[in-house]
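Each remark here refers to the structure printed beneath this line.
What you are looking at is a predicted structure, and each value in this text was computed from that prediction instead of being measured.
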Amino acid sequence: MLEAIQSNPYRVLGIYSNSPTKERVANHNRLRAFLKVGKAAPMDLDLPSLLPPLVRTEKLVTAAEAQLTLPKDQLLHAQFWFMSATPLDKVAMNNLISGNIDRSVDIWIKQGNVSSLQNRIVCELAAENYVEALRCAEILYQSHLDEFVRIVLGEQQGGVTAEELAHHFLDELCNVENPKKIIASLTNVGWKEYVKRRASAPLLKGLEAALEKAKATRGQDGTVRLEEGTKLMREAKKGLPETKSLLGKTDLQYQIVADQLAEEIACCGIDYYNAHSTKAAREALQLLRY
């Protein structure tokens with residue numbers, strides 16, 4: 001389950017992403033009053049039939065209010081929560097609150113507007129149906145984002161670009177799902193490229209760190225070079241195929257790091273061979289072959 005949904009500050013305060021500020025403040029004060037005397041204050045939007053239980057504390061409620069202070073933060077959290085913008089949204093949400101999830105989704109499918117797309121995204125994410133969630137998200141973010149922002153913020157300025165919102169959405173999904181599955185579910189070329197780069201970045205960073213460590217032993221004893229070359233080969237065998245599968249063998253970044261790894265591993269083998277004569281051929285050959 002996405003933490004962005006489960007502990008969403010809108011959920012903590014029991015409101016929709018487009019609820020008026022006065023409702024947010026009223027709920028905040030009510031919850032704090034209940035919690036101070038040790039009483040629970042369940043809300044309709046706890047949605048126990050769809051989401052894991054929510055345990056409120058004074059600290060959590062106070063933090064939720066603080067998280068929704070700025071318009072930008074309101075938008076970022078609204079990406080992972082429900083909105084009620086039409087009469088049919090109210091009908092669908094009443095069904096959802098009653099535990100009739102399928103009926104709610106059916107209503108939103110027929111409605112087909114901004115709020116219905118957003119609400120379907122949250123339902124599909126909660127059900128871990130990322131393929132359908134991404135399909136709806138691509139439609140929403142590519143064609144209706146201005147309306148989404150208007151529903152959440154009204155006349156306020158969000159201070160966040162469409163690209164930032166899309167990337168934030170994809171980041172949250174990449175935290176819980178294999179990036180390859182996300183890439184396979186996307187049709188937007190820009191989104192695919194972003195996920196590829198995001199997923200490959202730590203792999204490239206690890207390979208580059210191992211490469212620099214091996215380079216630092218240049219000029220040292222041949223045995224040291226063999227050890228470092230062997231370590232580098234192991235790192236390459238571990239990280240390079242995964243990088244290739246994400247970026248593709250024609251990607252320039254992949255080709256550069258693959259060439260650099262090959263060069264350094266070969267140099268390690270040659271340095272060892274030169275230091276230990278022909279008796280070292282077998283050990284050096286393992287690196288050179290790779």
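- In the displayed structure, Asn175 atom CG is contacted under 6.0 Å by more than 12 heavy atoms of other residues, nucleotides or ligands.
- Between Leu68 and Asp73 there is no side-chain heavy-atom pair separated by less than 4.5 Å.
- Closest approach of Ser7 and Val12 over heavy atoms only: O-CG2, 4.0 Å.
- Closest approach of Leu261 to Ala236, counting heavy atoms only: CD1-CB, 4.1 Å.
- The CD1 atom of Ile183 lies 12.0 Å from the OH atom of Tyr194; values are rounded to the nearest 0.5 Å.
- Within a 6.0 Å radius of CD in Glu163, other residues, nucleotides and ligands contribute 12 heavy atoms or fewer.
- Counting all heavy atoms, side chain and backbone alike, Leu13 lies closest to Asn27 at O-ND2, 2.8 Å.
- When hydrophobic side chains of Ile, Leu, Val, Met, Phe, Trp and Tyr are connected at separations under 4.5 Å, Leu288 ends up clustered with Ile270.
- Of the possible polar contacts, none joining the Gln118 side chain to the Leu140 backbone as a donor-acceptor pair under 3.5 Å is found.
- Salt-bridge formation is not detected for the pair Lys205/Glu208: no Lys NZ or Arg NE/NH1/NH2 atom is positioned less than 4.0 Å from an Asp or Glu carboxylate oxygen.
- The existence of a salt bridge linking Arg150 and Glu155 is excluded, since no basic side-chain nitrogen approaches an acidic carboxylate oxygen closer than 4.0 Å.
- No donor-acceptor distance shorter than 3.5 angstrom exists from the side chain of Asp89 to the backbone of Ser115, with no hydrogens or angles considered.
- Applying the 4.5 Å side-chain rule to ILVMFWY residues, one finds Val91, Ile107 in the same cluster as Leu88.
- Glu264 has no carboxylate O lying under 4.0 Å from a charged side-chain N of Lys213, or vice versa, which leaves the two without a salt bridge.
- Other members of the cluster containing Ile256 are Leu252, with ILVMFWY side chains joined at under 4.5 Å, either directly or via other members.
- Of all non-hydrogen atoms in Ser17 and Met83, the two that sit nearest each other are OG-CB, 3.4 Å.
- Taking all atoms of both residues into account, the shortest heavy-atom contact from Pro9 to Ala64 is CB-O, 3.6 Å.
- Rounded to the nearest 0.5 angstrom, Lys192 NZ and Ser185 OG are separated by 9.0 Å.
- Leu153 contributes atom CG, which lies 12.5 Å from atom NZ of Lys72 (distance to the nearest 0.5 angstrom).
- Using a cutoff of 4.0 Å between basic side-chain nitrogens and carboxylate oxygens, Glu132 and Arg120 are scored as salt-bridged.
- Hydrophobic cluster membership for Leu70: none, as no Ile, Leu, Val, Met, Phe, Trp or Tyr side chain comes under 4.5 Å of it.
- Under the 4.5 Å side-chain criterion, counting only non-hydrogen atoms from C-beta, Tyr254 is not in contact with Ser200.
- For the salt bridge (Lys or Arg N to Asp or Glu O under 4.0 Å) test, residues two or more places apart in sequence or in another chain that qualify with Lys238 are Glu235.
- Put simply, the side chain of Leu186 reaches to within 4.5 Å of the side chain of Ile182, judged on heavy atoms.
- Contact check for Tyr130 versus Glu124: no side-chain heavy atoms found under the 4.5 Å cut-off.
- Side-chain atoms of Ser19 never come within 3.5 Å of backbone atoms of Ile15 as a donor-acceptor pair (strictly under, hydrogens ignored).
- Val25 and Val152 are assigned to two separate hydrophobic clusters, defined by single-linkage of ILVMFWY side chains at heavy-atom distances under 4.5 Å.
- Cluster annotation: Met43 is connected to Ile97 through the hydrophobic network of ILVMFWY side chains, with a link wherever side-chain heavy atoms come within less than 4.5 Å.
- Considering only heavy atoms from C-beta on, Arg56 comes within 4.5 Å of Leu54 through its side chain.
- Aromatic rings of His168 and Phe80 (six-membered ring for Trp) have centroids within the 6.0 Å cut-off, being under it.
- Between Ala166 and Gln79 the shortest heavy-atom distance is N-NE2, 4.4 Å.
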Problem - Trace of the side-chain hydrogen bond (donor to acceptor under 3.5 Å, both in side chains) decision for Trp108 with Asn113 - result: CA-CA 8 Å; Trp108 284 319; Asn113 59 9; over 6 Å; no
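- Rounding to the nearest 0.5 Å places CG of Asn119 at 6.5 Å from CE of Met93.
- Atom CD of Glu242 and atom CG of Leu247 lie 10.0 Å apart (nearest 0.5 Å).
- Between the CG atom in Leu47 and the CD1 atom in Ile5 there is a gap of 11.0 Å [rounded to 0.5 Å].
- Residue pairs meeting the salt bridge (Lys or Arg N to Asp or Glu O under 4.0 Å) criterion with at least one member in residues 15-37, sequence neighbours excluded: Arg24-Glu65.
- Between Tyr273 and Arg225 the shortest side-chain heavy-atom distance does not fall below 4.5 Å.
- Tyr10 contributes a side-chain N or O that, together with a main-chain N or O of Gln74, makes up a donor-acceptor pair within less than 3.5 Å.
- Contact check for Ile121 versus Phe169: side-chain heavy atoms found under the 4.5 Å cut-off.
- Residues Leu287 and Leu226 form a side-chain contact, since some pair of their non-hydrogen atoms from C-beta on lies under 4.5 Å apart.
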